[in-house]
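All residue numbers in this chain count up from 1 along the given sequence.
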Amino acid sequence: MYSFLLALIYIAFISLGLPDSLLGAGWPVMHVELGVPVSFMGIVSMIISGGTIVSSLFSDKMTRKFGTRIVTVASVFLTVIALLGFSFSDRFWMLIVFAVPYGLGAGAIDAALNNYIALHYKAKHMSWLHCFWGVGAIVSPFIMSYALANRTWNGGYRIVGLIQLAIAALLLVTLPVWKINGAKSEKAEKSLGLSGALRIKGVPFLLVGFFAYCAAEATAMQWASTYFVEVKRIPAERAAGFAALFYIGITAGRFISGFITDKLGDRSMIRLGTGVLVCGILALFLPVESYVAAFISFLIIGFGCAPIYPCIIHSTPGNFGAENSGAIIGIQMASAYVGSTFFPPLFGLIANAVSFSLLPVYLLAFFALMIVMVESTFRAARKNRGS
């Protein structure tokens, strides 16, 4: 039963990754058919991100009241409603409407499942869990590509929506399995809330560090192709494929790191990953415009990023106590979405005004802030424990 529940959680995280890259993959066709400017994708993504921030902040209260299993199933059903709603949309305002449950579902399940794994399972499972998110994020663009080639973009959302519906039904009929780990840790204490969590020494460092990491990760994902075209002078059709290198590197890295995380520990893995990704960024400074150099640099950056996100989350109960982890991880998720929503566009504005060659500098600045804040978090947590 223990292993079966873990498999269910892995499937649930695939469902979290599936919708994440659909909008970007389908938008070049979507905006034409809907008769809106290409920039309007930002409106939809901002509404989705707003929903994830709100539901992340309230996830601890919902989890303590209803339990992780109910929050997970309800969240997947919310994304089913959103995806199927997108699949029947033929007006832009309909996307706006269905973007709301899209974001609310994603934020709640993200925070709830991350906390559940951090409390009940070893660090290796956190790495593999996020590896499965990468599987979902990699698969969905291929689904959209198939839909565009054979039907319309609506078909891509419909296919993913039906996959999500099957996952939601599976989670619903297997609700009793979740009782294996009990629900005491979720409901025993009153929720800290935002103000209570921020008063714990080390939590503000953690939030800034997690925000900085996610801002850098999202910037690398979104601007990779443009960087290679504008700076490395690689043809656009080849550069488009490089955007997948980061996903491939981070997914493969999380699979591999799962085998060594329990031995090295969360803090060492974060340090190791930071060292690797810095090597990848420094490779971008090389005055080389070759295919191989571009390929290797972004693959290394993604590989280095792999253990950081899951290890920061997994270390939260150990640093601040199991009774506080739900509230803190919920706020972590909110800070992550703030970083990934607002700071890639900020780089776009800076790059348009100055140069896209600033991407490595921008990434280094955020990753430097991340490692300083995360190290400060571990030191503050050690003082809190009196050790």
Side-chain angles (χ1 to χ4, degrees), residues 16 20 49 52-60 106-119 123 126-127 129-130 133 192 194 196-221 250 253-254 257 261 265-274 277-278 301-302 304-321 324-344 346 362-381 384:
L16 183 61
D20 280 3
S49 296
T52 57
I53 292 169
V54 170
S55 59
S56 295
L57 291 173
F58 285 96
S59 66
D60 185 50
I109 190 175
D110 201 357
L113 286 180
N114 274 300
N115 183 52
Y116 193 85
I117 289 291
L119 287 174
M126 184 67 82
S127 292
L129 182 76
H130 286 271
W133 168 87
L192 271 178
L194 178 60
L198 291 175
R199 284 196 291 268
I200 299 175
K201 290 183 179 179
V203 170
F205 294 139
L206 173 65
L207 298 181
V208 174
F210 204 54
F211 149 81
Y213 169 79
C214 293
E217 179 191 89
T219 301
M221 288 179 179
I250 204 168
R254 284 172 178 170
S257 66
T261 298
D266 292 321
R267 191 174 186 178
S268 295
M269 289 298 294
I270 293 169
R271 290 171 172 173
L272 178 61
T274 303
L277 69 86
V278 167
I301 294 171
C305 284
I308 297 175
Y309 190 111
C311 286
I312 289 176
I313 295 172
H314 188 266
S315 65
T316 300
N319 282 335
F320 302 107
N324 299 322
S325 66
I328 295 172
I329 287 177
I331 301 168
Q332 278 181 256
M333 294 298 104
S335 67
Y337 290 121
V338 170
S340 61
T341 300
F342 297 104
F343 283 79
L346 176 61
Y362 194 82
L363 295 180
L364 278 177
F366 277 102
F367 282 129
L369 176 61
M370 177 273 295
I371 194 62
V372 169
M373 291 294 102
V374 169
E375 285 294 316
S376 299
T377 300
F378 278 99
R379 286 195 292 269
N384 290 343

Discussion item. Quick one, Gln332 with Leu207, criterion side-chain contact (heavy atoms from CB on, under 4.5 Å). Give me CA distance, side-chain angles, the key distance, then yes/no.
Written reply: CA-CA 6 Å; Gln332 278 181 256; Leu207 298 181; 4.0 Å; yes
Practice prompt. Ignoring hydrogens and angles, tell me if any N or O in the side chain of Arg254 forms a donor-acceptor pair with the backbone of Ala306 under 3.5 Å.
Written response: yes
Worksheet item: Which distance, rounded to the nearest 0.5 Å, do you find between the OG of Ser59 and the CD1 of Ile109?
Response: 11.5 Å
Item to complete: Looking only at non-hydrogen atoms, find the nearest pair between Leu363 and Ala216 and report the distance.
Response: CD2-O, 3.4 Å
Worksheet item: Is any side-chain heavy atom of Trp133 closer than 4.5 Å to a side-chain heavy atom of Leu129?
Response: no
Worksheet item: Is there side-chain contact between Phe205 and Phe378, with heavy atoms separated by less than 4.5 Å?
Response: no
Practice prompt. Evaluate side-chain contact (heavy atoms from CB on, under 4.5 Å) for Ile200 paired with Ile328, printing each intermediate quantity in order.
Written response: CA-CA 10 Å; Ile200 299 175; Ile328 295 172; 4.3 Å; yes
Practice prompt. Considering non-hydrogen atoms only, spot the tightest contact between Ile312 and Thr316 and give its length.
Written response: O-OG1, 3.2 Å
Item to complete: Of all the heavy-atom pairs spanning Ile313 and Ala118, show the shortest one and how long it is.
Response: O-CB, 4.0 Å
Worksheet item: Would a line drawn from the ring center of Phe343 to the ring center of Tyr362 be shorter than 6.0 Å?
Response: no
Item to complete: Could you check if a side-chain atom of Met333 sits within less than 4.5 angstrom of a side-chain atom of Phe210, using non-hydrogen atoms only?
Response: yes
Worksheet item: Measuring from Arg379:CZ to Asn319:CG, what's the distance to the nearest 0.5 Å?
Response: 12.5 Å
Discussion item. Within the 4.5 Å heavy-atom criterion, are Ser340 and Glu217 side-chain neighbours or not?
Written reply: no
Worksheet item: What closest approach, in Å, do Ile270 and Ile308 show between heavy atoms, and which atom pair accounts for it?
Response: O-CG1, 4.2 Å
Worksheet, complete the sentence: Separation between CZ (Arg267) and CG (Leu272), nearest 0.5 Å, reads 14.5 Å
Worksheet entry | Tyr213 and Tyr309: CA distance, side-chain angles, deciding distance, side-chain contact (heavy atoms from CB on, under 4.5 Å) verdict | CA-CA 8 Å; Tyr213 169 79; Tyr309 190 111; 3.9 Å; yes
Discussion item. Using 0.5 Å steps for rounding, measure from the CZ atom of Phe367 to the CG atom of Leu277.
Written reply: 4.5 Å
Worksheet entry | Closest approach of Pro317 to Ser325 (non-hydrogen atoms, all atoms of both residues) | CG-CB, 3.8 Å
Worksheet item: Quick check: does any side chain N or O of Asn324 sit under 3.5 Å from a backbone N or O of Phe320, one acting as donor and the other as acceptor?
Response: yes
Worksheet entry | Distance-only polar pair, side chains of His314 and Asn114, donor-acceptor under 3.5 Å | no
Practice prompt. First locate atom CE of Met370, then atom CD of Glu375, and finally report the distance between them rounded to the nearest 0.5 Å.
Written response: 9.5 Å
Worksheet entry | Nearest-0.5 Å distance that lies between atom OH in Tyr337 and atom OG1 in Thr52 | 5.0 Å
Worksheet item: Would you say the side-chain atoms of Ser55 pair up with the backbone N or O of Ala108, donor to acceptor, closer than 3.5 Å?
Response: yes
Discussion item. For Ser127 versus Thr261, what's the shortest heavy-atom pair and its separation?
Written reply: OG-OG1, 3.6 Å
Discussion item. side-chain contact (heavy atoms from CB on, under 4.5 Å), that's the test. Do Cys311 and Met126 meet it? Break it down for me.
Written reply: CA-CA 7 Å; Cys311 286; Met126 184 67 82; over 6 Å; no
